[in-house]
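All remarks here apply to the structure that follows.
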Amino acid sequence: MSVPQLNRRMVLEGPARVADGAGGFALSWLVRGVLWAALTPGTGREVAGEEVRQSQTAYRITVRGAPIGSPQRPTPEDRLRDGARLFTILAVTEADPRGQYLTCFAREEVAT
């Protein structure tokens with residue numbers, strides 16, 4: 001494996017349930033850290049929703065490795081933010097046998 005060029009600063013966010021004041025909960029996102037990443041786009045498609053159409057693009061996002069359980073290790077519940085762009089993490093795996101890098105399989109959705 002060649003050394004990835006981690007040249008994009010991304011914010012790792014994790015979901016948090018917050019009381020909505022009416023006995024229920026709302027989903028909020030808490031910043032868990034900043035990661036340097038390499039972004040590789042995959043294929044895209046357009047999906048028709050009930051009221052809007054969405055453009056979905058798959059991405060492979062490579063970040064530095066972190067031990068399981070570390071707050072710096074992305075999980076499938078998390079998302080990565082690059083400015084206004086959001087990447088929902090679908091799966092995470094080690095990119096190399098030593099675990100120096102992780103590959104996050106993610107999806108970016110944009111309303112069209």
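Treat the numbers as computed from the prediction; the structure is a model and nothing was measured. Residues take their numbers from the sequence shown, with the count starting at 1.
The hydrophobic side chain of Leu30 is isolated, with no ILVMFWY side chain under 4.5 Å apart from it.
Under the side chain to side chain contact (heavy atoms under 4.5 Å, CB included) criterion, Gln56 pairs with Arg45, Val47, Gln54, Arg107, Glu109, sequence neighbours left out. For Arg64, there are no salt bridge (Lys or Arg N to Asp or Glu O under 4.0 Å) partners, not counting sequence neighbours.
Residue Leu27 qualifies as enclosed at atom CG: its count of foreign heavy atoms under 6.0 Å is above 12.
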May I have the step-by-step check of side chain to side chain contact (heavy atoms under 4.5 Å, CB included) for Thr57 and Tyr59, ending in yes or no?
-> CA-CA 7 Å; Thr57 305; Tyr59 282 88; 3.6 Å; yes
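Pro71 approaches Leu12 most closely through the heavy-atom pair O-CD2, 3.6 Å. Contact between Ile61 and Ala106 at its shortest, heavy atoms only, is CD1-CB, 3.9 Å.
Tyr101 has its side chain out of reach of Thr103: every pair of non-hydrogen atoms, C-beta onward, lies at least 4.5 Å apart.
Remark: Leu80 CG to Leu35 CG distance equals 6.5 Å, nearest 0.5 Å. Asp96 CG to Thr62 OG1: the interatomic distance, rounded to the nearest 0.5 Å, is 10.0 Å.
Under the side-chain hydrogen bond (donor to acceptor under 3.5 Å, both in side chains) criterion, the residue pairs touching residues 15-40 are Arg32-Asp78, with sequence neighbours excluded. For residues 4-15, the pairs satisfying side-chain hydrogen bond (donor to acceptor under 3.5 Å, both in side chains) are Arg8-Asp82, Glu13-Arg79, Glu13-Arg81, with sequence neighbours left out.
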Under 3.5 Å, side-chain donor or acceptor atoms of residues 87-94 against the rest of the protein: list the pairs with distances, not counting sequence neighbours.
| residue | atom | partner | partner atom | Å |
| --- | --- | --- | --- | --- |
| Glu94 | OE2 | Arg73 | NH2 | 2.9 |

